[in-house]
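Lettering of chains follows the sequences in order, A, B, ..., and the numbering in each one begins at 1.
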Amino acid sequence: MALLQLSEPGQSAAPHQHRLAVGIDLGTTNSLVAAVRSGKAVTLPNDDGEHLLPSVVRYTENGIEVGRQAKEMAAKDPLNTIISVKRLIGRGLADIKSLGNQLPYQFQDGDAAVPRIHTARGDVSSVEVSSEILKSLVRRAESSLGGELEGIVITVPAYFDDAQRQATKDAATIAGLKVLRLLNEPTAAAVAYGLDTGSDGVHAIYDLGGGTFDISILRLNKGVFEVLSTGGDSALGGDDLDHAIAEWIMSQADIDRDADRSTLRQLMQVACQAKEALTESDSTAISVVLADGASWQGELSREHFNILVDPLIRKTLAPCRRALRDAGLTPEDIEDVVMVGGSTRVPRVRELVGEFFRTEPLVDIDPDRVVAIGAAIQADILVGNKSDNEMLLLDVNPLSLGIETMGGLVEKLIPRNTTIPVARAQEFTTFKDGQTAMAVHVLQGERELVVDNRSLARFELRGIPPMVAGAARIRVTFSVDADGLLSVEAQEQSSGVRASVEVKPSYGLTDGEIESMLRESIDHAQEDMEARKLREQQVEAERVIEALTAALEDDGDALLNADERSSVESALRTLAEITRNGDHAAIKSAVDALEKSCEFYVERRMNASVRKAMSGHSVDDFE
Amino acid sequence: MLDFSKNYFELFGLPVDYIVDTDHLSTHYRELQKAVHPDRFANSTEQERRLSMQGSVRINEAYETLKDPILRARYLLSLHGIDMEHGQETTRDAAFLMEQMELREALEEARDQPDPYQVIAAFMADVNQRINALIAQMAIQFEAATPEQLEAARENLRKMQFLKKLRFDAESLEAELDDAL
């Protein structure tokens, strides 16, 4: 790359090459991948023209199958075929059991943080299963787009907690993918709709997927999507409607609760088909083959189906009311309700939601694809293909974050529905004379008592100098980044003793586990870790060089004097030289050195852009 | 990075005052985030991402503070050199405290009413009205900004914190009812 390319004013030096990035909707039932092609976001089909990839992974002695092929074996080979893995991700064994689902898998005993499912191909965690789905979609995208992806945006339910988000990101890491952003599903849907209709105002996004429910209230204003509030239930979805039907069949057909696994799988499939049939017709025939070879025939009317599922659908309205309250709004303030997720095809869902918000729900975009499309639009912007784009997403953290205090109570540091990124600090003190350590217990949830909330992590701040009780000042800082991921730091103020954790949730994989899983998956790609590290570091160095070069062209003359400019340029040349010849450690330290020496310039640039924003001028006015 | 010596009002180009032009505030908030938000630097260097995160956090904090009548009052008092202890100060106004107890009892009884949701909604509307009345008083007090008036604003702020807690408890009660469904 030429470092000092001259360009006419108002003309960018070299049109940036189009970078490949995709949006992935990693769903409970189905997953999709979408990309912006020729300016339009589209979902990408496989070779057979199918867009939806069933989120099903089957482990056999011969290999791993993902998608339709695996799904077809779900009833025959239930132990090795993992469905609805999204319900398990980021959860511990106790959580999974409390979900009350009749999961057919054999979980490994033991107290490992991440539950492992026993399969014919060894024990696998939900993170690994998810990473197989990601890999399959990325392969599809790379062959369809004809190149390697620079990054992906993965959508998650807005109501996912920190553990579930972290686990999703880990799944991408294990698959060797760079995550540009974890994007909340309702926000993604709003992007797909907002750009389509361009209508400013307050919108509600009602997202009932296979296994999760989300509600988001957001305001669209000149390209800025500001999420005002969000709520939901991360363990409620279309699967539960199927369960309700399955239970009804069981009671009608006298099927035992402890029937064999393939009968249960068959029941769920039949129930799902019945639900889908009732979207169009008023009644549907049901037939089940029992374990003894006999069969049961029945008929389910839509009317009775509505009675079965009404309590479940009504359960989604409480979070809707709460989200409205948090946004300080009433149903009348909502311009329209966007329906997302396959389960919103159920007529009764549309009816009750329309009643609640007093408006006819919007169903213009295929509810299965809208999330992936929104994610693709965001990925295209984040990867840098549209530098002049005005769109910006301002999202919130869905659940309050706090710390355990005396008496088993939770002190909230960041309340739910706070716009991210956010950092909040609070001071705590010691309660015993001479106390030299303090335990920090990080919690997520809305309840007052520790036991009623989700425990995210525990760590200890040690080495506090002995003082009388109440004299130490321990400052605990919570930071939530734009992905909604939390990190926590504790520091004793007078001595500067510091302890910090990237909140690796109690149910998460350790960095070591991630590294070894990544190593395994790389082995298949016949590339060793060293080569991979070198390549990653080179990419990072190139990114730095490119960004700085573009910056110099843009405003180097305006913000730097001649001496400063030549020192930046010489530092750039040094890095370019080392990037070509050095190993990954050398490149890394060269990148660090460059960043340090250019810090003043980067700060000046950001201040300049803030000044421009404040004076209401765009860059064009200066050219 | 963002000029950290600027106070929150200056950051948004607003006069230092309790009454805030909310349209101006939210327009400038969006413009500032468009310039510094981490999404603008997702594919940028780690250094830029870090700076952008810091800037974006600061802007969110400032916006949050100026939007909320309680946080705004506390911040404004701190600019006047009056630092409230974090939520620890309470009012000694006996009549007000008596009223609070009555309100609290009313809320406790809501749970046994035939339509508790409606009772809670009416309760919250009442509390909001009380908060708005305090906001109106504080606007005048901050405008005058004499030591006596600022002390009066501080007293109002203590009362407002009570009411906010009451509103929060009403929300919690409602959530509890939801969970029992």
>> Other residues, nucleotides and ligands only: do more than 12 of their heavy atoms fall within 6.0 Å of CZ on A:R416?
In response: yes
>> With a 4.5 angstrom heavy-atom cut-off, is it the side chain or the backbone of B:F12 that approaches chain A, or both, or neither?
In response: backbone
> Where does B:E64 contact chain A at under 4.5 Å (heavy atoms): side chain, backbone, both or neither?
Replying inline: side chain
>> Just so I know, are the side chains of A:V422 and B:N60 near enough to count as touching, which here means a heavy-atom distance under 4.5 Å?
In response: no
> Is it the case that more than 12 heavy atoms not belonging to B:E151 sit under 6.0 Å from its CD atom?
Replying inline: yes
>> In the structure I gave you, are the side-chain heavy atoms of B:Q47 and A:K596 within less than 4.5 Å of one another anywhere?
In response: no
>> Does atom CZ (A:F600) have a neighbourhood of more than 12 heavy atoms from anything else shown, all under 6.0 Å?
In response: yes
> Less than 4.0 Å between a side-chain N and a carboxylate O, is that true for B:E171 and A:R322?
Replying inline: no
>> On a heavy-atom basis, which atom in B:E48 and which in A:V602 lie closest, and how many Å separate them?
In response: CG-CG1, 3.5 Å
> Hey, are the side chains of B:K34 and A:V224 touching, using non-hydrogen atoms and a 4.5 Å cut-off?
Replying inline: yes
> Taking it one step at a time, do B:E174 and A:R325 satisfy salt bridge (charged side-chain N to carboxylate O under 4.0 Å, His left out)?
Replying inline: CA-CA 11 Å; B:E174 198 182 62; A:R325 160 100 32 73; 2.7 Å; yes
>> Is it the case that atom CD in A:E448 sees more than 12 heavy atoms from other parts of the structure closer than 6.0 Å?
In response: no
>> Any non-hydrogen side-chain atom of B:S26 less than 4.5 Å from a side-chain atom of A:E226?
In response: no
>> What part of A:I420 gets within 4.5 angstrom of chain B, counting heavy atoms only: side chain, backbone, both, or neither?
In response: backbone
> What closest approach, in Å, do B:T45 and A:A547 show between heavy atoms, and which atom pair accounts for it?
Replying inline: CG2-CB, 4.2 Å
> With a 4.5 angstrom heavy-atom cut-off, which part of A:V591 approaches chain B: side chain, backbone, both or neither?
Replying inline: neither
>> Quick check on B:D39 against chain A: is it the side chain, the backbone, both or neither that has a heavy atom closer than 4.5 Å?
In response: both
> Do A:P421 and B:H37 have side chains that get closer than 4.5 Å, going by heavy atoms?
Replying inline: yes
>> Give me the atom names and distance for the closest heavy-atom approach of A:S479 to B:M53.
In response: CB-CE, 4.4 Å
> Is the number of heavy atoms from other residues, nucleotides or ligands under 6.0 Å of A:E427 CD greater than 12?
Replying inline: yes
> Side chain, backbone, both or neither: which part of A:E446 has a non-hydrogen atom closer than 4.5 Å to chain B?
Replying inline: neither
>> Are A:T419 and B:Y29 packed together at the side-chain level, in the sense that at least one heavy-atom pair is separated by less than 4.5 angstrom?
In response: yes
>> Using a 6.0 Å cut-off, check whether atom CD of A:E332 has over 12 heavy atoms from anything other than its own residue.
In response: yes
> Checking A:E540 against chain B: side chain, backbone, both or neither under 4.5 Å from a heavy atom?
Replying inline: side chain
> If you count heavy-atom pairs under 4.5 Å between each of B:N128, B:T27, B:V57 and chain A, which one has the most?
Replying inline: B:V57
> Does any heavy atom of chain B fall under 4.5 Å from the side chain of A:D592, the backbone, both, or neither of them?
Replying inline: neither
